[in-house]
Student: 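First the structure, which I've put down as structure tokens, then a few questions once you've had a look.
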Amino acid sequence: MRIFTKLSAPLCLLFVFLCLKTAFSSSIHASSFSTTHLCSHEEALALLQFKTSFSIDYTVPYPPLCGYPPNYSKIESWKEGIDCCSWDGVSCDNVTGHVIALDLSCSFLYGTFPSNSTLFFLRNLQSLNLALNDFRLSKIPPEISQFTRLKHLDVSFSRFSGQVPGEIAHLPKLVSLNLSCNSFDLILETTTLRYLVQNLSEVRELVLSGVNMTSVNPRFFMNLSSSLTTLDLLYTLLRGNFPNSIFRFPNLKKFYLSGSFGERNLTIDLPSSNWSSPLQQLYLGYMDCGRRLPESIGDLKSLQSLSLFYCNLEGSIPTSIGNLSELTFLDLSNNQFSGPILASIGNLRQLTGLDLSSSNFSGQIPPSLANLTQLTSLDLSYNQFSSPIPASIGSLRQLTILYLYSSNLSGQIPPSLANLTQLTSLDLYNNQFSGPIPASIGNLGQLTSLHLYSNNLSGQIPPSLANLTQLTSLDLYNNQFSGPIPASIVFWSHSSFHR
Ligand SMILES: *[C@@H]1O[C@H](CO)[C@@H](O)[C@H](O)[C@H]1NC(C)=O
Ligand SMILES: *[C@@H]1O[C@H](CO)[C@@H](O)[C@H](O)[C@H]1NC(C)=O
Ligand SMILES: *[C@@H]1O[C@H](CO)[C@@H](O)[C@H](O)[C@H]1NC(C)=O
Ligand SMILES: *[C@@H]1O[C@H](CO)[C@@H](O)[C@H](O)[C@H]1NC(C)=O
Ligand SMILES: *[C@@H]1O[C@H](CO)[C@@H](O)[C@H](O)[C@H]1NC(C)=O
Ligand SMILES: *[C@@H]1O[C@H](CO)[C@@H](O)[C@H](O)[C@H]1NC(C)=O
Ligand SMILES: *[C@@H]1O[C@H](CO)[C@@H](O)[C@H](O)[C@H]1NC(C)=O
Ligand SMILES: *[C@@H]1O[C@H](CO)[C@@H](O)[C@H](O)[C@H]1NC(C)=O
Ligand SMILES: *[C@@H]1O[C@H](CO)[C@@H](O)[C@H](O)[C@H]1NC(C)=O
Ligand SMILES: *[C@@H]1O[C@H](CO)[C@@H](O)[C@H](O)[C@H]1NC(C)=O
Ligand SMILES: *[C@@H]1O[C@H](CO)[C@@H](O)[C@H](O)[C@H]1NC(C)=O
Ligand SMILES: *[C@@H]1O[C@H](CO)[C@@H](O)[C@H](O)[C@H]1NC(C)=O
């Protein structure tokens with residue numbers, strides 16, 4: 001059960017541009033640019049010409065990644081007679097006047113990207129951001145290699161397609177490259193990747209999530225520049241064994257890699273010693289991570305976020321995990337871990353999200369969990385605990401989501417749950433809870449969903465449930481309640497109410 005929003009990756013797949021073309025025309029008149037302009041006449045003309053290649057379509061729903069909708073395209077401000085260095089999205093070198101950076105992200109651009117675009121006249125560009133537009137499945141033009149000074153290139157979320165041109169490897173100064181989220185229509189071939197790895201000796205951020213790399217042999221990633229700080233390879237259709245030397249990259253802070261759901265054709269061996277990355281975020285999913293989570297994971301002292309889900313891990317979680325004192329997010333769900341959840345998890349006091357669902361944990365839920373007072377989300381569902389919920393759970397006062405369903409829990413529902421007044425979802429179904437629903441549950445005024453079905457709960461349904469005015473889903477089905485359904489509940493009961 002995935003309950004947390006995992007970084008931004010799934011957005012790639014959910015993100016769909018709806019493209020409705022609106023007429024837009026602009027004409028360039030022969031004009032004279034004032035000599036006081038920093039921007040050169042030629043570069044201004046090139047930009048204006050570029051502007052005419054596209055229409056601006058405000059009817060396209062504004063992408064969530066663009067923040068609050070300005071409902072305004074940057075190129076609207078591009079007008080002759082005004083110094084191009086002052087146009088939105090344009091930055092010039094303040095001495096030479098050359099355009100050195102162009103940020104056209106989120107600009108509602110709609111149209112095919114021409115390979116003879118006048119944009120390629122801007123030979124001094126160091127940064128080009130075309131993200132979050134709709135280039136209607138254009139190819140990335142090979143002419144991109146004319147930007148020999150380019151350090152930053154972002155063409156993510158912009159509906160480019162076809163093969164990434166080999167010329168991308170002719171940009172030796174690239175520091176960041178983002179080709180992500182063009183929805184598998186963009187294909188990176190193994191040869192191109194090999195040259196890219198060889199030639200981009202200064203690259204620090206490489207973001208390729210959602211790029212179709214079916215044909216790529218993962219071993220080529222081994223030779224990436226040691227300057228690398230970010231490597232994002234989510235949903236790339238990679239297969240084979242990913243070199244674990246990646247964990248020795250001296251500057252790597254973020255590493256995201258996933259295989260394909262339902263297969264285990266991508267593997268990586270977590271090293272048993274000598275991790276040398278200053279990793280802060282590690283995200284591995286839908287792959288085979290080599291059975292054991294090594295004790296050495298505790299060496300990654302800078303880790304803030306650790307997700308190893310659907311990784312085919314088994315055995316116990318090493319005690320050393322308690323050393324990761326910077327951790328704010330831990331997801332080890334959908335593995336085959338067994339044995340009790342270690343008490344040392346209570347050391348991770350910065351945690352705001354913990355997901356250990358869908359494994360084979362048994363024994364008790366450790367009372368030390370009560371130390372994780374920053375938790376807003378806790379999912380321990382689909383395990384084999386055979387124990388009660390510790391009353392100390394009442395200290396997790398920031399919790400908004402608590403999933404403990406289908407986990408063989410028993411005993412009474414602790415009245416201390418009433419302390420969790422921020423809860424919006426409480427799912428305890430499919431366990432062996434007995435005794436009454438504590439009347440104090442009426443304190444949980446933020447609850448929108450309460451699922452207690454398939455337990456052995458008995459006694460009367462407390463009238464205080466009527467306090468839960470935000471509830472949109474209530475399910476008490478398959479228990480042993482007695483007495484009438486309180487009138488206060490019947491009064492507002494919803495179609496989703498099941499006794
Ligand atoms: C944006 O502005 C256009 C007109 O320029 C208008 O038709 C459209 O409804 C606006 N969209 C939003 C989301 O405000
Ligand atoms: C150019 O801009 C940079 C940074 O914006 C600034 O530090 C520098 O002083 C400026 N140079 C001139 C000549 O204005
Ligand atoms: C680009 O090529 C198209 C035809 O392929 C032509 O119509 C257009 O004028 C050319 N644009 C420029 C700026 O050369
Ligand atoms: C590496 O980049 C240089 C230009 O900087 C280019 O001449 C060379 O062909 C590139 N190598 C490959 C394999 O693309
Ligand atoms: C693309 O990746 C770069 C480098 O990590 C990042 O700075 C940028 O925000 C990303 N673009 C989008 C639209 O997320
Ligand atoms: C990925 O690219 C290959 C060609 O390299 C193609 O056969 C395959 O259909 C593509 N996959 C998807 C999901 O588009
Ligand atoms: C990595 O680079 C080394 C030295 O340039 C080379 O010998 C080796 O074949 C490369 N490995 C891969 C997988 O590209
Ligand atoms: C991927 O794994 C499945 C089994 O999970 C296997 O049947 C299939 O042949 C594998 N495909 C490749 C390309 O390795
Ligand atoms: C780990 O590092 C130590 C010291 O640098 C070295 O002796 C050892 O061989 C390394 N182990 C592995 C598995 O690389
Ligand atoms: C939990 O906190 C208490 C007191 O703050 C401390 O004594 C105990 O050792 C902690 N337990 C764990 C597992 O961190
Ligand atoms: C619940 O709150 C009450 C009073 O606010 C407090 O006395 C009690 O210790 C709390 N229980 C837990 C388990 O935190
Ligand atoms: C119902 O809610 C009110 C405040 O909204 C609170 O004072 C009262 O204690 C609640 N009743 C129960 C039984 O929780």
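Indexing begins at 1, ligand by ligand and atom by atom, following the structure's order. As a basis for the values below, the full set of heavy atoms in this structure was taken, side chains included, without hydrogen atoms, waters or symmetry mates. If you're wondering where the values come from, they're calculated on a predicted model, not measured in any experiment.
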Student: Please indicate, with yes or no, if any protein heavy atom is found under 4.0 Å from atom 2 (O) of ligand 8?
Tutor: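 For atom 2 (O) of ligand 8 the answer is yes, since some protein heavy atom falls inside 4.0 Å.
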
Student: Please report the C-alpha distance between L122 and L102 in whole Å, then the side-chain angles of each, then the deciding distance to 0.1 Å, and finally whether the side chain to side chain contact (heavy atoms under 4.5 Å, CB included) criterion is met.
Tutor: CA-CA 10 Å; L122 305 173; L102 206 49; 4.2 Å; yes

Student: Kindly check if the number of other-residue, nucleotide or ligand heavy atoms within 6.0 Å of CZ (F120) is above 12?
Tutor: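 Above 12, so yes.
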
Student: Under 4.0 Å from a heavy atom of F220: which atoms of ligand 7 are those, numbered in the order shown and with their elements?
Tutor: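 Atoms satisfying the 4.0 Å criterion: 13 (C), 14 (O).
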
Student: Is there a protein heavy atom at a distance of less than 4.0 Å from atom 7 (O) of ligand 7?
Tutor: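 Under the 4.0 Å cut-off, atom 7 (O) of ligand 7 has no protein heavy-atom neighbours at all.
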
Student: For atom 4 (C) of ligand 3, what's the nearest protein heavy-atom neighbour? Residue, atom name and distance, please.
Tutor: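 Scanning the protein heavy atoms, the shortest distance from atom 4 (C) of ligand 3 goes to N116 ND2, 4.6 Å.
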
Student: Output yes when a protein non-hydrogen atom is found under 4.0 Å of atom 11 (N) of ligand 8, and no otherwise.
Tutor: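 So far as the 4.0 Å threshold goes, atom 11 (N) of ligand 8 is in reach of a protein heavy atom.
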
Student: For atom 5 (O) of ligand 7, what's the nearest protein heavy atom and its distance?
Tutor: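 The protein heavy atom lying closest is N223 ND2, 4.5 Å.
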
Student: Hey, does L404 have a side-chain heavy atom less than 4.5 Å from the side chain of S407?
Tutor: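 No, every pair of side-chain atoms sits at 4.5 Å or beyond.
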
Student: Answer yes or no: is the gap between the SG atoms of C92 and C85 smaller than 2.5 Å?
Tutor: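 Looking at C85 and C92, their sulfur gamma atoms lie closer than 2.5 Å, so the answer is yes.
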
Student: In terms of ring plane angle, is the pair F385 and F361 parallel, tilted or perpendicular, where the classes change at 30° and 60°?
Tutor: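 Answer is parallel, since the angle falls under 30°.
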
Student: Under the criterion side-chain hydrogen bond (donor to acceptor under 3.5 Å, both in side chains), I'd like the reasoning laid out for S338 against N360: C-alpha separation, chi angles, the key distance, then a yes or no.
Tutor: CA-CA 5 Å; S338 54; N360 289 317; over 6 Å; no

Student: Output the list of atoms in ligand 8 that are nearer than 4.0 Å to some heavy atom of N265, sorted by atom number.
Tutor: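 Every atom of ligand 8 under 4.0 Å from some heavy atom of N265: 1 (C), 2 (O), 3 (C), 10 (C), 11 (N), 12 (C), 14 (O).
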
Student: Measure from the ring center of Y110 to the ring center of F135 and say whether it is less than 6.0 Å.
Tutor: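 Distance test on ring centres: not under 6.0 Å, no.
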
Student: Measure from atom 14 (O) of ligand 3 to the protein's non-hydrogen atoms and state whether any distance is below 4.0 Å.
Tutor: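 It does; a protein heavy atom is within 4.0 Å.
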
Student: Could you tell me whether T118 and ligand 3 have an N or O pair separated by under 3.5 Å?
Tutor: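 The answer is no, given that T118 and ligand 3 share no N or O pair closer than 3.5 Å.
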
